[in-house]
Amino acid sequence: MQPFTERVVAIIKSIPAGQVASYGQIAELAGSRRGARQVVRILHSMSMKYDLPWHRVVNSKGEIAVADEEARDTQVYRLEQEGVYVDHLNRVDLEACRFIPSHDIVDPPSL
DNA sequence: AAATTGACGGGTG
DNA sequence: CCACCCGCCAATT
C-alpha cells in the first residue's frame, strides 16, 4: 500500500464519532492539498474492506456525496446515530462538526 | 500510452 | 445561495 494511502486510512480512522471531515481536508492532512480525488478513490475501493468510518467523510459543502443510494442512507443513519444532524438535503453542519485533529497545532497560543 | 473514472474543490458570475 | 468551469491526481481500463 502506498504511503499516501496509509496516511489517508490512518487519518480517517482517527476521526472521532460525532465529527466529520471533508475529502479535501483529509487529503490536506495526508500531505496532498489537491488530493481530494485520491481520497475519493481510496474510499471507493477500500472503505468496506478496511473497516473505515467512511461515513464521517463528506464533501466540502458538508453534503453526503455517496453515489449509491443505499450507502447514502447508511451514511445518514450512522451519522445521526452519532448525533450529527443531517438536514433534508443530506447536509451536515461542517462549522459545528468539522474534525479537528488534536495534535498538530498550527498556531501556538499567543501569550 | 492515452482515456476514463471518481463519494472533489475553489473561483467566478 | 446556485450553476458552471476547470484544475487536480492516480488506479484502472
Side-chain angles (χ1 to χ4, degrees):
Chain A
M1 195 186 309
Q2 305 306 322
F4 177 71
T5 302
E6 294 191 16
R7 289 196 299 273
V8 167
V9 167
I11 290 164
I12 293 175
K13 283 188 174 179
S14 78
I15 305 171
Q19 290 185 29
V20 297
S22 71
Y23 303 91
Q25 182 186 0
I26 290 166
E28 188 162 5
L29 290 172
S32 173
R33 196 166 69 90
R34 311 252 174 310
R37 313 198 71 150
Q38 283 76 272
V39 175
V40 169
R41 277 193 69 63
I42 291 164
L43 284 170
H44 208 36
S45 56
M46 10 207 304
S47 51
M48 298 311 169
K49 334 180 183 179
Y50 285 79
D51 188 38
L52 299 180
W54 56 271
H55 58 282
R56 307 201 181 116
V57 186
V58 299
N59 69 22
S60 64
K61 303 173 215 159
E63 296 168 330
I64 285 165
V66 175
D68 180 67
E69 198 170 338
E70 201 169 306
R72 200 162 53 233
D73 289 344
T74 303
Q75 183 166 9
V76 172
Y77 178 75
R78 291 192 184 173
L79 286 173
E80 287 176 339
Q81 288 302 301
E82 298 181 357
V84 176
Y85 174 70
V86 180
D87 75 13
H88 72 114
L89 291 177
N90 282 355
R91 290 176 318 188
V92 305
D93 183 354
L94 270 184
E95 296 288 299
C97 307
R98 181 188 296 295
F99 169 49
I100 298 166
S102 33
H103 31 89
D104 83 340
I105 302 313
V106 228
D107 42 286
S110 48
L111 351 156

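What you are looking at is a predicted structure, and each value in this text was computed from that prediction instead of being measured.
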A/Ser60 side chain, from C-beta outward: closest of B/dA7, B/dG6, B/dG9: B/dG9
A/Gln2 has a side chain; which of C/dC9, C/dA11, B/dA7 sits nearest to it? C/dA11
A/Val40 near the nucleic acid: base, sugar-phosphate alone, or nothing, with a heavy-atom cut-off under 4.0 Å? sugar-phosphate
Please report, rounded to the nearest Å, how far the P atom of B/dA7 is from the CD1 atom of A/Ile15. 18 Å
Between B/dT5 atom C1' and A/His44 atom NE2, what is the distance in whole Å? 8 Å
Length of the CD-C1' vector between A/Glu63 and C/dA3, whole Å: 13 Å
Which whole-number value in Å describes the distance from A/Asp68 CG to B/dG6 P? 12 Å
Atom-pair distance (CZ on A/Arg98; C1' on B/dG9), nearest Å: 12 Å
Separation of A/Arg72 atom CZ from B/dA7 atom P, in whole Å? 11 Å
Would you kindly give the CH2-to-C1' distance between A/Trp54 and B/dG6, to the nearest whole Å? 16 Å
Between CD1 of A/Ile12 and OH of A/Tyr23, what distance do you get to the nearest 0.5 Å? 9.0 Å
Selected nucleotide, minimal atom distance to A/Tyr23 side chain, candidates C/dC9, B/dG9, C/dC2: B/dG9
Taking for A/Ser22 and for A/Arg41 the nucleotide of DNA chain B with the nearest heavy atom, the one nearer the 5' end belongs to A/Arg41
Applying a 4.0 Å non-hydrogen cut-off, can you work out what A/Gly35 is touching in the nucleic acid: base, sugar-phosphate, or nothing? nothing
Are any side-chain N or O atoms of A/Gln75 and backbone N or O atoms of A/His55, one a donor and one an acceptor, separated by less than 3.5 Å? yes
In whole Å, measure the gap between the P atoms of B/dG6 and C/dC6 for me. 22 Å
Could you check whether any side-chain N or O of A/Arg56 sits under 3.5 Å from a backbone N or O of A/Gln19, counting only pairs where one atom can act as donor and the other as acceptor? no
Sidechain-backbone polar pair: A/Glu82 side chain, A/Gly18 backbone, donor-acceptor under 3.5 Å: yes
Here the distance between atom P of B/dG9 and atom NZ of A/Lys61, to the nearest Å, is 8 Å
Carefully, step by step, assess A/Arg98 and A/Ser22 under the rule side-chain contact (heavy atoms from CB on, under 4.5 Å). CA-CA 8 Å; A/Arg98 181 188 296 295; A/Ser22 71; 4.2 Å; yes
Residue A/Arg91, side-chain heavy atoms: nucleotide from B/dC8, C/dC2, C/dC9 that is nearest: C/dC2
Look at the side chain of A/Arg34 and the base of C/dC8, then say whether one donor and one acceptor between them are separated by less than 3.5 Å. no
